[in-house]
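Step one of this worksheet: look at the structure below.
For clarity, every value in this text was computed on a predicted model and none was experimentally measured.
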Amino acid sequence: MDDPAGKSEPRRAKNPVRLERSGGIATIVIDNPPVNALGTAVRQGIFVALDLAEADESTKAILIAANGRTFPAGADITEFDQPAQPPELGKLCDRIEACSKPVLAALHGTVLGGGLEVAMSAHYRIAAPSTKLGLPEVKLGILPGAGGTQRTPRLVGIEHAYGLIQSGTPISASRALSIGLIDAVDEDPRGAARALAESGMDVRRTQDNRSKLSNAHEDMVLLQELRAGLDQMPGPQPATARIIDCVEGALLLPFEIGCARERDAFAECVASRDSQALRHLFLSTRKAAKFPELQGATANTPEQVAIVGGGLMGAGIALACLRAGIATTVVEDGEAGVTAALDRIGAALQRSIAKGTLSEDAGAHALTQLNLTSRITDISTADIVVETVSEDLNAKRVVLEQIGRHAKDGAVIATNSSYLDPAALAEATGRPNHFVNIHFFAPAQIMPLVEIGVAPDTHPTAVATTHALAKKLRKTPVRSAATPGLIVNRILMRLRLVADAMLEDGATPKQIDQAMRGFGFPLGPYEVLDRSGLDISYTARQRQPRDASQRYVDIGDIMVNRGWLGRKAGRGYYIYDEDRERPNTDLLAMLDELRAQRGIVPRRFKNQEIRDRIFLAIVNEAAVLLEQGVASRPSDIDVALVCGLAYPDKRGGPLHEADHDTLFAIAQRIEALEAEDTTLWRMAPLVKRLARERGKFSDLN
């Protein structure tokens, strides 16, 4: 950092902020890769640099800019659970705004959260055309805490401010310019800001601008409507009501008092269980992406992907690749198979265009990147070849053997298998070192999770290349040992067994589904089964070895044998008439008959009991996976179940929730169930050990 006399000191490697002077313009340069997060050192550096620049009589204006790929993309959320270190972000923003000399912000990249709050405290803002600006704090169960709820309304008005803060969705630079969030868009924002500063300008403080708050009556009506609608919101973020309060404060209160209200609301939200859970997930998702195989491995960036099998899953993976700009080959059997695959992909593209998530030009370009063929030899240039044929071991082995013969040297060969033994599939390729189990979730173009099953023989480069594909597709990768079911489906099988046992003992599908919806799942387990098809889980069960001492519920098997395959057959756990869903009364009658035959006296289950049993089943099976080394960390399981099984994100994942409940209490509840039915419940040794030691799953992260 420069000293006040203008002598430049050598730049120290750990200094994330420096001050540069040129022609009366003092530029505060933030250089804290990868995203210039506003941690303590960065805040301190900006504060000191601002003091130095303002104290220098030769300074005409001060420019805040950042090196690297982005202007600060937010605060460092790891500091939220630590004692506050000065200067707090709000104090820094107040200091910037109070500066006696004009302060400009040159924006690029993703200007989010605290980064946007810093920008709004500057007197002028110029952004590159590709800049994205937003306040995503609500996605962590909190709200802007450095004056964002007070400055945003003053710049863009109440309606736009509430939309930005409550949605958490970033907007483009052109949109930001049109609503008044920024002052200009330029290909060279730093150069444009310098030119503006050199032309002469006045100090213009955001807190003094009330021109966008002149329609007080209309704004109050809007806020009253928003507050009245809180009860109708499906599971609103706890921050929503506080956001309305704070935005209202910008309209009615002096700036300082509005900021004080915001600070109280921010502290309340940060301390909430929901926010703690969401922050846990945010950090866990980052941690999950750090595979041990990536250390020192060279990823071959996948430019071409081949998919063998153009069914629903194959078409979904193809669509995800096409939307990411990856040249994609889809191999299907014969002309009819090729035509059917084209219809699936084309229809999905059209749906995306109709929803506005894809432009017509982007959809047309995607099709130019698609090669549909019936020739397996066309996979020969692909960097990754993904097999997605039916979940049958022999069929997959035949296809994988062909892929092994025709894929280029060094190509990653992957299976999307859900339940089959990856070792048997790897052997069929003849290239086990280049084999991975890459498991997408349907619909693959939408669902965020990709499980990457890694075998002991898998070469790190194959893992790194597969990981690079997942990131290019904007998916959330989670590592698993290559084992049947990986993480999510292993837990899903146990969840369904416990649900089926309650079904056999007296509950109904509708009651169980409603109970789990009340827990926070978007769909209950039987609604999911009906949508995916009962034959898929049936086939998986038939392949799994059975422990004769463990309870097995055959209700799903009987249904499949009767042709009740779910929605696609018009009948499963529910009956489907023209998109209407109603209970399958024939199934209820069948359950009564089975109970009578088996001497089961039906009992009533309370919704809370249903939720607790399924929750305990998930936690206990997750502990087994950790003991077996299938999952690397408890936090990886939380991410996998939230992203792949739609476990409620505001609960933070089952193991985070178990820690909150305490494992001592968890163990007591499982012990009671074990005493009731030893054929269904066996406490995982890890749960027992952690409960005895008063430990937590988080200790293993």
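Although no hydrogens or angles enter the test, the distance criterion places no donor-acceptor pair under 3.5 Å between the side chain of Glu332 and the main chain of Leu372. For Asp659 (side chain) and Ser698 (main-chain N/O), a donor-acceptor pair under 3.5 Å exists by modelled atom type. Of the possible donor and acceptor atoms, none in the side chain of Ser480 sits under 3.5 Å from a partner among the backbone N and O of Gly453. When atom types are taken as modelled, the side chain of Asn433 and the backbone of Thr458 share no donor-acceptor pair closer than 3.5 angstrom. Panel note: side chain Asn437, backbone Thr483; no donor-acceptor pair is recorded below 3.5 Å. In this structure, the side chain of Asn489 does not engage the main chain of Leu492 through any donor-acceptor pair within 3.5 Å. With hydrogens and angles ignored, the 3.5 Å screen pairs a side-chain donor or acceptor of Tyr526 with a backbone N or O of Ala499. The main-chain N or O of Gly310 is found under 3.5 Å from a side-chain atom of Arg344 such that the two form a donor-acceptor pair. Within the 3.5 Å criterion, the main-chain N or O of Ala348 finds a donor-acceptor partner in the side chain of Ser352. Distance alone, capped at 3.5 Å, places no donor-acceptor pair between the Ser417 side chain and the Thr415 backbone.
Between Phe291 and His467, the distance separating the two ring centers is shorter than 6.0 angstrom. Phe441 and His439 have their aromatic ring centers within a separation under 6.0 angstrom. Taking the six-membered ring for Trp, Phe519 and Tyr647 have ring centres closer than 6.0 Å.
Salt-bridge annotation for Asp557 and Arg541: present, with a side-chain N of the basic residue lying under 4.0 Å from a carboxylate O of the acidic one. Salt bridge status for Arg682 with Asp547: present, with a side-chain N to carboxylate O gap under 4.0 Å. Taking the charged nitrogens against the carboxylate oxygens, Arg531 and Glu527 have no contact shorter than 4.0 Å, which rules out a salt bridge. Using a 4.0 Å cut-off between a side-chain N of Lys or Arg and a carboxylate O of Asp or Glu, Lys475 and Glu451 do not qualify as a salt bridge. A salt bridge links Glu693 to Arg689: at least one charged side-chain nitrogen sits closer than 4.0 Å to a carboxylate oxygen. Using a 4.0 Å cut-off between a side-chain N of Lys or Arg and a carboxylate O of Asp or Glu, Lys696 and Asp699 do not qualify as a salt bridge. Between Asp274 and Arg279 there is no salt bridge, since no side-chain nitrogen of the basic residue lies less than 4.0 Å from a carboxylate oxygen of the acidic one.
Separating the CD1 atom in Ile403 from the NZ atom in Lys396 is a distance of 9.5 Å, to the nearest 0.5 Å. Atom CD1 of Ile487 is separated from atom CG of Leu645 by 12.0 Å, given to the nearest 0.5 angstrom.
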